[in-house]
Amino acid sequence: MPTTSVLKRVLTPAAIIRLVLGWGGFLALTLAGGALDGDLSTPVLFTVLGLIVAVILASATGVVTEAEHLAERLGDPYGTLVLTLSIVLIEVILISAVMLGPGEHATIARDSVMAVSMIILNLVVGLALLVGAMKHTNMRPNKTGVSTYLSLLVVLVTVAFALPALIGSDGSYTPAQAIPIIALTVVLYAFFLVRQMGAQRGDFQEVVVATAGPGSQPAGQPAEPSNQLADALTHHKPELIARSLLLVAMVVPIVLLSHDMASLLDDGLDRLGAPVALSGILIAMIVFLPETITAIRAALAGEIQRVSNLCHGALVSTVGLTIPAVLTIGLLTGQTVTLGEGPTNLLLLGVSLLLTMTTFSGRRVTALHGAAHLFVFVLYGITVFQ
């Protein structure tokens, strides 16, 4: 495909607008840096904060859009993995910006990852199941793939939230504990990626639901892995490179804007007297809004395994990458990273994992499963303000 044609397909008007918004927002903040350092009035502070969040959301939506195009070309599970890692990268950037910014943010990683866990396991999955199952009556997840995600999540959330409260110091790992935890988590996540993209890739593909007949595939069996990845790399290499570069160009403004957003968000929540955990929840909601839309679209299309890949795969990546990242930052900067959770959140997280197991272990998923997940998320929202 000619280079001009590729650029025309990739650099759409929407993509150009998002690039202009992202880089223009960063330039505007750079020029107004001195004015923002002063004591802003509350209306001005929240106006500026709202504008920054809007630009970050626009850039994040652009990142997800390009990742979705890459996902279509690469096929599952490779494509969904690109989308998931793009989202997790944005989250790690925002959390790191808060940690390295002014003020004390020892619990920001815990609050953000906990919020992400509850949003993904209950809000996003609940909405997807509710709308998807009301349209499609025979959505069957790939049980082996979902079981794999849950096995990893049980281990990872234990290491992230429960273990530091039991063996750490005031909910934080000591340096001697943090180093092996970082190494073990990275090794486990890397092994997961190797298996997901290799020998077990069929476990993360849609289940083929077909009626019995001559030459038909048995109902409830996963589709055979295809050569879509090799074909994409052979026939669409220029487009893949162009979209990858555009994705990076949209991520960079998020990195540059995140520091100012973190400072203003901290000041704004302090003025409102809001709970400390609300900062992490807002970051989680900002980051996962585009992927929430993607998951609901997949559910409406009847792609329940893609919903699982987007949601459960994203959570595995979030915990598997964020926890080592923040622990490493803590070690390098001497900051305290408090990860240990209280009994209420640990209970809700345990209920969420158990509910996920019962939901996806059945023959098919239903709208009632979605309602149960949404109920748990409402309970989590109530506890935040108690």
Side-chain angles (χ1 to χ4, degrees), residues 57 60-61 63-68 70-71 74 76-95 109 112-129 132 141-142 145-157 160-161 185-186 188-190 192-193 195-197 201 203-206 247 251 254 280-281 283-299 303-326 349 352-353 355-356 359-360 373 377 380:
L57 277 175
T61 302
V63 171
V64 173
T65 299
E66 297 310 315
E68 282 184 323
L70 289 171
L74 298 174
D76 271 336
Y78 312 104
T80 301
L81 184 61
V82 171
L83 177 59
T84 296
L85 292 178
S86 300
I87 293 294
V88 174
L89 174 62
I90 295 171
E91 185 197 12
V92 171
I93 289 168
L94 293 178
I95 293 175
S112 297
V113 176
M114 181 66 195
V116 166
S117 301
M118 300 306 294
I119 288 173
I120 289 178
L121 290 177
N122 296 306
L123 179 60
V124 183
V125 169
L127 286 173
L129 295 182
N142 191 324
V146 179
S147 174
T148 301
Y149 287 135
L150 285 175
S151 296
L152 291 169
L153 285 174
V154 168
V155 175
L156 291 174
V157 299
F161 300 126
T185 303
V186 169
L188 178 61
Y189 182 71
F192 158 71
L193 290 184
R195 297 294 296 181
Q196 185 186 36
M197 294 187 294
R201 62 187 181 275
D203 296 338
F204 303 94
Q205 295 180 328
E206 294 293 333
L247 186 150
V251 165
I254 297 175
I281 294 173
I283 288 176
M285 293 180 69
I286 291 169
V287 170
F288 279 91
L289 178 60
E291 190 163 13
T292 299
I293 297 172
T294 304
I296 292 175
R297 285 176 181 170
E303 300 174 340
I304 189 59
Q305 186 55 40
R306 179 163 167 77
V307 172
S308 176
N309 290 342
L310 286 166
C311 295
H312 303 137
L315 188 52
V316 168
S317 297
T318 296
V319 185
L321 293 176
T322 305
I323 298 304
V326 298
L349 188 56
S352 300
L353 291 172
L355 179 59
T356 303
T359 295
F360 287 88
H373 282 272
F377 181 76
Y380 168 67

Asker: Show the nearest heavy-atom pair for residues A128 and V307, with the distance to one decimal.
Answerer: CB-CG1, 3.8 Å
Asker: The criterion is side chain to side chain donor-acceptor pair (under 3.5 Å); which residues satisfy it with T322, sequence neighbours excluded?
Answerer: none
Asker: Return yes if some donor-acceptor pair links the side-chain N/O of E303 with the main-chain N/O of E206 below 3.5 Å, else return no.
Answerer: no
Asker: What heavy-atom pair brings V124 and A295 nearest, and what distance separates the two atoms?
Answerer: CG1-CB, 3.9 Å
Asker: Got a donor-acceptor contact below 3.5 angstrom from the N309 side chain to the F204 backbone?
Answerer: yes
Asker: Rounded to the nearest 0.5 Å, what separation is found between the CZ atom of F360 and the OG atom of S147?
Answerer: 12.5 Å
Asker: Determine whether L349 and F161 satisfy the following criterion, side chain to side chain contact (heavy atoms under 4.5 Å, CB included), listing intermediate values before the conclusion.
Answerer: CA-CA 10 Å; L349 188 56; F161 300 126; 3.5 Å; yes
Asker: Taking the side chain as everything from C-beta on, heavy atoms only, tell me whether L150 gets closer than 4.5 Å to V146.
Answerer: yes
Asker: Sequence neighbours excluded, which residues qualify as side chain to side chain donor-acceptor pair (under 3.5 Å) partners of T359?
Answerer: H373
Asker: Using side-chain contact (heavy atoms from CB on, under 4.5 Å) as the criterion, list what pairs up with A314, not counting sequence neighbours.
Answerer: T84, I120, F288, E291
Asker: Would V113 and V157 count as a side chain to side chain contact (heavy atoms under 4.5 Å, CB included) if you check the C-alpha gap in whole Å, the side-chain angles of each, and the deciding distance to 0.1 Å?
Answerer: CA-CA 9 Å; V113 176; V157 299; over 6 Å; no
Asker: Test of understanding: with side chain to side chain donor-acceptor pair (under 3.5 Å), list the residues that count as partners of S117, not counting sequence neighbours.
Answerer: none
Asker: I want to check something: taking the side chain as every heavy atom from C-beta on, are V125 and T356 in contact at a cut-off of under 4.5 Å?
Answerer: no
Asker: Could you tell me which residues satisfy side-chain contact (heavy atoms from CB on, under 4.5 Å) with T61, sequence neighbours excluded, listed by chain and number?
Answerer: R18, T65, P290
Asker: Enter the distance from L355:CG to N122:CG here, rounded to the nearest 0.5 Å.
Answerer: 6.5 Å
Asker: Please name all residues satisfying ring-ring contact (aromatic ring centres under 6.0 Å, His included) with Y189, sequence neighbours left out, ordered by chain then number.
Answerer: F192
Asker: In chain order, what residues pass the side-chain contact (heavy atoms from CB on, under 4.5 Å) check against I296, with sequence neighbours excluded?
Answerer: L127, V131, T292, L300
Asker: Can you name the side chain to side chain donor-acceptor pair (under 3.5 Å) partners of S308, sequence neighbours left out?
Answerer: H312
Asker: First locate atom CG of L123, then atom SG of C311, and finally report the distance between them rounded to the nearest 0.5 Å.
Answerer: 9.5 Å
Asker: List in chain and number order the residues that pass side-chain contact (heavy atoms from CB on, under 4.5 Å) with L188, two or more places apart in sequence or in another chain; answer none if no residue qualifies.
Answerer: L152, V155, L156
Asker: Looking only at atom types and distance, does a side-chain atom of Q305 sit under 3.5 Å from a main-chain N or O of Q205, one as donor and one as acceptor?
Answerer: no
